[in-house]
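Only one structure is covered here, and it is reproduced in the block below.
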Amino acid sequence: MLTVVLIILLVVAWVLYKNKKPKNCPPGPVNIPLVGRAFAMNQNHPEKAFVEWQRQYGPLYSVKMGSDLMVVISDPALLREAFNKPASTGRMAGPVLEMLGVQRGLIFSVGEDWHVRRRFTLFHLRNFGMGKARLEDVIREQVDAFLEHVVAPSEGQPLTIDHSLDLAVVNIIWGIVAGETMSMKDTRVLDILEKNKSVADKAKRLNIAVMVPWLLKVLPRSLFRLDEVIELFNYPKTHLIAPVLEAHRRDFDPTSEPRDYIECFLLEQRSDPQRFTDEVLARSIGDMFSAGSDTTSTTLRWAFCLLCARPEAQRRIQAEIDQVVGASRPPSAADRQQMPFTEAFLMETQRFGDIVPMGVLHSAEQEFELGGYTIPRGTILVSLLRAIHRNPAHFPEPEQFKPERFLDREGRVRPSKALMPFSVGKRSCLGEAMARSELFLFLTCALQRYSFAFPAGFQHDLSSADRLGVTTPKPFEVVPTRRR
Ligand code: HEM
C-alpha cells in the first residue's frame with residue numbers, strides 16, 4: 001500500500017514539475033498537466049485560441065502545448081527584435097518531423113546546414129530571376145497561358161479560377177527550378193497539387209502528435225495516418241524531382257553557365273558533395289513547392305475576390321495601368337514604382353487576407369531576453385501575425401478592406417512596419433521578392449486585358465473558408481469581360 005502511495009506521490013510531483021513554467025517567463029493561460037492547452041485548439045483555425053489568449057495576456061505571453069513551452073509574440077517591434085536574434089532561428093524538431101525527413105530541406109533545417117542552404121538558394125534564385133528579367137518571362141508565360149486558355153474561353157460566363165491559379169504558380173516555381181515550361185495540362189503538376197491538398201487534410205491528426213509526441217508511443221501510428229502522410233510527403237521527390245534530376249545530370253555541362261536551380265546545385269555538389277546531396281536538393285525543391293505555391297495562389301485568390309467586391313478599386317488599378325503601361329506592351333516589374341494605388345491594393349490584400357496567421361513556428365536555440373522576460377532554450381516562438389494585422393492601433397477599422405490606408409495625402413505609398421505577411425528577421429520568407437513580382441505581374445497583366453466581376457446577384461461576405469492551412473476566401477466565381 002505504502003509503495004502505491006509513494007508511486008502516486010512521485011508521479012504527481014513529476015507531473016507538477018513538468019507542468020511548471022520556468023522562472024521569469026511571460027504570463028499566460030493556466031496549464032493543463034501533460035497535454036498543456038493542445039486540445040483548446042480548433043483543428044481548422046488554431047490561431048483563434050491564440051488570438052483569444054492575446055486579448056487576455058497581451059502582446060507577449062506563454063502557453064504550454066504538451067510538454068513544450070510556447071511564447072507568442074504579437075507586437076511588431078518585439079517580433080522584429082526577437083526574430084533578428086540568431087538565438088531565435090531554430091525550428092521545431094521531434095520524432096514526427098524526423099520521420100518525415102524535413103530537416104534536410106530549407107524550412108526545417110537549423111544551424112550551419114540551414115545557413116548554407118538558405119544563402120545558396122537566395123543567391124541562385126536571385127541570379128535566375130528574382131526581380132530580374134528571367135523571372136518576369138517565366139511569370140508572363142504563365143499569366144498569358146492563364147488568360148488565353150482559361151479566361152478567354154469563358155468571357156462573359158462564370159468561371160472558377162482556383163485550380164488554374166494553383167497550376168500557374170507551381171509552374172512558375174518549376175520554371176525557375178528546372179528550366180522547363182510546363183503546360184497547364186501537364187499531369188505531373190496536377191498530381192503534385194492533388195497530393196499537396198491531401199497532405200494538409202491528412203496531417204490534421206498528426207498535428208496533435210507533433211505537439212504531444214508521447215501520444216505516438218501509446219497509440220497506433222495508423223490513428224495519426226503517419227504512414228499515409230510520409231508517402232504523400234515523398235511523392236514530389238519520387239515522381240517529379242528524381243527523374244528530372246537524372247535527366248539534368250545526363251545533359252549537364254559543368255563548363256557552361258548553369259541554366260536553372262538544379263544545375264547550380266549540381267555544380268555546388270561537385271565541390272561539396274557531403275553537404276549538397278541529392279536528398280537535400282529534393283527536399284529543398286519540395287520546400288519551395290510547399291512554402292511558395294499555396295501561399296502565392298491563395299493571395300491571388302484574395303486579390304481576385306477583392307477586385308470583384310470593390311469594382312471602384314479595380315477601375316483605379318486599370319487607370320494606373322492605362323496611364324503608366326498603356327496597351328502596347330505588357331506590364332513589367334519596373335512599372336511598380338509608378339503605380340502606388342496598385343501597390344497599396346496588394347499590401348492591403350496581404351494584410352486583409354492574412355494567409356499565414358501564425359507564421360511558421362521558430363524555436364529558441366539559446367536562452368535570450370525579450371521585453372524584460374527570459375525565454376528559455378527550446379521554447380517554441382509563435383509570430384501571431386493575425387493579431388498584428390488585425391490590431392486597430394496599427395490598422396484602424398482592421399476588418400474593413402481599405403487600400404487607401406497605405407497611401408499618404410499626396411497619393412504616395414505609405415508602408416507600415418506592422419505589415420509583415422512574409423514575417424521578419426533572419427528566417428523571413430526566402431521567396432518574398434519572387435512572390436511580390438508574381439502578385440504584381442499577375443494582377444496587372446490580367447487587368448490590362450480584362451475586367452472581372454462576380455456573377456450577377458452573387459455577393460461575397462469576404463470571410464474565409466473553414467479549412468486548415470493558409471487562410472483562403474470562401475469559394476467564388478468570376479465573370480471576365482475583355483477590355484480591349
Ligand atoms: C504570398 C506568398 C508568400 C507568403 C505570404 C509567404 C510567407 C512566408 C512566411 C510567413 C514564412 C515564415 C518565415 C518565418 O519563419 O519567420 C515563409 C518562409 C519561407 N518561404 Fe514564403 N511566402 C510566400 C511565398 C514564397 C515563395 C514564392 C517561396 C519560394 C519559391 C517561398 C519560400 C519560403 C521558404 C523556403 C521559407 C522558409 C525560410 C527559412 O526557414 O529560412 N515563399 N514564407
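As the structure lists them, so they are numbered: ligands from 1, and atoms in each ligand from 1. Numbers here simply count residues along the sequence, with the first being 1. Note that the structure is a prediction, hence the values are computed from the model and not measured.
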Under a plain distance cut-off of 3.5 Å, with no hydrogens placed, do Glu367 and Thr374 share a side-chain donor-acceptor pair? no

CD1 on Ile355 to OG on Ser297, rounded to 0.5 Å: 8.0 Å

Indicate the ring-plane relationship of Phe50 and Trp53, choosing parallel, tilted or perpendicular according to the 30° and 60° boundaries. perpendicular

Using heavy-atom distances, let me know which of Ala291, Ser293, Gly292 sits nearest atom 27 (C) of ligand 1. Gly292

May I ask you to decide if the ring planes of Phe401 and Phe345 are parallel, tilted or perpendicular, using 30° and 60° as cut-offs? perpendicular

Criterion salt bridge (Lys or Arg N to Asp or Glu O under 4.0 Å) against Glu343, the qualifying member of Arg414, Arg336, Arg412: Arg336

Are any of the N/O atoms on Arg427, whether in the backbone or the side chain, positioned under 3.5 angstrom from an N/O atom of ligand 1? yes

So is Lys426 touching ligand 1 or not, going by heavy atoms under 4.0 Å? no

Identify which of Gly425, Pro357, Cys429 has a heavy atom lying nearest to atom 43 (N) of ligand 1. Cys429

Going by the angle between their ring planes, with limits at 30° and 60°, are Phe304 and Phe452 parallel, tilted or perpendicular? perpendicular

I'd like to know if the side chain of Asp162 pairs up with that of Thr160 as donor and acceptor (distance under 3.5 Å, no hydrogens or angles considered). no

Is it the side chain, the backbone, both or neither of Arg118 that has a heavy atom closer than 4.0 Å to ligand 1? side chain

Side chains of Ser463 and Lys474 only: does a donor on one sit below 3.5 Å from an acceptor on the other? yes

Test item, Trp114 contacting ligand 1 (heavy atom, 4.0 angstrom): yes

Has Pro421 got any heavy atom lying under 4.0 angstrom from an atom of ligand 1? yes

So for Gln350 against ligand 1, with non-hydrogen atoms under 4.0 Å, the contacting part is side chain

Where on Thr299 is there a heavy atom closer than 4.0 Å to ligand 1, on the side chain, on the backbone, on both, or on neither? side chain

Take every heavy atom of Asp287, measure it against each atom of ligand 1, and state whether any distance is under 4.0 Å. no

Close N or O approach (Glu438, ligand 1; < 3.5 Å): no

State whether a side-chain donor-acceptor pair under 3.5 Å links Glu136 with Ser437. no

Pair Asp68 + Lys64, salt bridge at N-O below 4.0 Å: no

Under 4.0 Å to a heavy atom of Thr295 - the qualifying atoms of ligand 1, by number: 1 (C), 2 (C), 3 (C), 4 (C), 23 (C), 24 (C)

For ligand 1, which is the ligand I care about here, please tell me if His362 has any N or O atom under 3.5 Å from one of the ligand's N or O atoms. yes

Strictly under 4.0 Å, does any heavy atom of Arg91 approach an atom of ligand 1? yes

The one among Ser423, Gly431, Ala435 that brings a heavy atom closest to atom 29 (C) of ligand 1: Gly431

